[in-house]
2 protein chains.
Amino acid sequence: MTEIDKIDRKILSILQGDGRIANVELAERIGLSPTSVGERLKRLQRDGFVEGYGARLNPHRLGLGLLVFVEVLLDKTTPDVFERFAKAVQTAPEVLECHMVAGGFDYLVKARVANMSAYRRFLGESLLALPGVRETRTYAVMEEVKRDAPLPVG
Amino acid sequence: MTEIDKIDRKILSILQGDGRIANVELAERIGLSPTSVGERLKRLQRDGFVEGYGARLNPHRLGLGLLVFVEVLLDKTTPDVFERFAKAVQTAPEVLECHMVAGGFDYLVKARVANMSAYRRFLGESLLALPGVRETRTYAVMEEVKRDAPLPVG
DNA sequence: CAGATTTGCCGTAGAAAATAAGGAAGATTA
DNA sequence: TAATCTTCCTTATTTTCTACGGCAAATCTG
């Protein structure tokens, strides 16, 4: 039911690299009939291994040239600070990821903006405007050495 | 040639959320004929706005339950340290992202592993084994507040 | 301004692919 | 051993993609 064999992993691996591959070609590469592969894929989706499909867009082409990471420290005075911060982060389109971490700070935010002045605006109007934000440390990315690598499934 | 209008943005936005949507349905949602949408999409791909398509896999379902961020400081004694680090990072399957940042450290690494002992192994055998790595700071993610949000295109 | 070109859109037809139904072979279980 | 389940297959129908030709509006150009 929640088991997964070598063939399933191969399907996931190929699909992670090319989510729009035709089922016939996928079946060819796997070495099974299209029907079988289709059934397997359906199961993988039903069981939650595949959450969906998406186009990979080029952020630079879309005018989102600046990638930043922001470490955020919160005031732990009121108990709902974490909730409110989490909710605010969901609605901010600049924020691509946000994680609560164990270590020297509370949240790590990954955001994409057009440039430094856009970031300055985002920081002031979105992040620092939130109640409970005590301190932030910004790290601007100078070079993206490895970007969105596939999960190691195979 | 490299211009992009409102309709294009809508196409990208929908496609980012559902990369496998049928062209006919996409056309319906856009309000154009399938042919026109197909032509636009082809152009968007040719001009590099769409880099590809991929399945979104559930890392937890695949046994990759631990997400970590690692800040890495390098010894800047020899000039090829950066190159060698970058190259090593490319081949490490655990590393999903790696960015060179401006600020208190040199690289920020995002990695996924099964658990803490797997991370311990990765840290010792992959990261610290590299020459030139002077210091690392690990931040384990306790809660993924926002995960892989779509780029703000619309 | 007038003709020519380009651009963006549409419909149609033939090719390709997805999907559903039915069934066979092998493994598992009662 | 018989029944059930799993996994895979083939076939047929439906849906979708794609290449082609044409049309009209916008844009360029002399």
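Just so it is clear: chains get the letters A, B, ... in the order the sequence lines come, proteins before strands, and each one is counted from 1.
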Worksheet item: If an axis is fit to five pairs at each end of the helix from C:dC1-D:dG30 to C:dA30-D:dT1, what is the angle between the two, to the nearest 10°?
Response: 30°

Worksheet, complete the sentence: Within residues 24-42 of chain A, the residues having a heavy atom closer than 4.0 Å to DNA chain D are A:L32, A:S33, A:T35, A:S36, A:E39, A:R40

Worksheet entry | Residues A:N115 and A:S117: side-chain donor-acceptor under 3.5 angstrom | yes

Item to complete: Quickly work out the B:R43 CZ to C:dG8 C1' distance and round it to whole Å.
Response: 10 Å

Worksheet entry | Note: B:E135-B:R137 ion pair, threshold 4.0 Å (strictly below) | yes

Discussion item. Determine whether the aromatic ring centres of residues B:H99 and A:Y139 are separated by less than 6.0 angstrom.
Written reply: no

Worksheet item: Of all of residues 4-23 of chain B, which get a heavy atom below 4.0 angstrom from DNA chain D, listed by number?
Response: B:A22, B:N23

Worksheet item: Can you check the B:E3 CD to D:dT27 P distance for me, whole Å?
Response: 13 Å

Discussion item. Assess whether a salt bridge exists between A:R20 and A:E25, defined as any Lys/Arg side-chain N lying under 4.0 Å from an Asp/Glu carboxylate O.
Written reply: no

Worksheet item: Does the pair A:R112/A:E144 count as a salt bridge with the N-to-O cut at 4.0 Å?
Response: yes

Response to the item:
Here the gap from B:L74 atom CG to B:R134 atom CZ, rounded to the nearest 0.5 Å, amounts to 8.5 Å

Discussion item. Salt bridge or not between A:K87 and A:D80? Use side-chain N to carboxylate O under 4.0 Å.
Written reply: no

Worksheet item: Below 4.5 Å, heavy atoms only, C-beta onward: do A:D148 and B:D148 meet side chain to side chain?
Response: yes

Worksheet item: Without hydrogens or angle criteria, can the side chains of B:Y53 and B:Q45 be said to hold a donor-acceptor pair below 3.5 Å?
Response: yes

Fill in: Any B:R84 side-chain heavy atom under 4.5 Å of B:T78 side chain
no

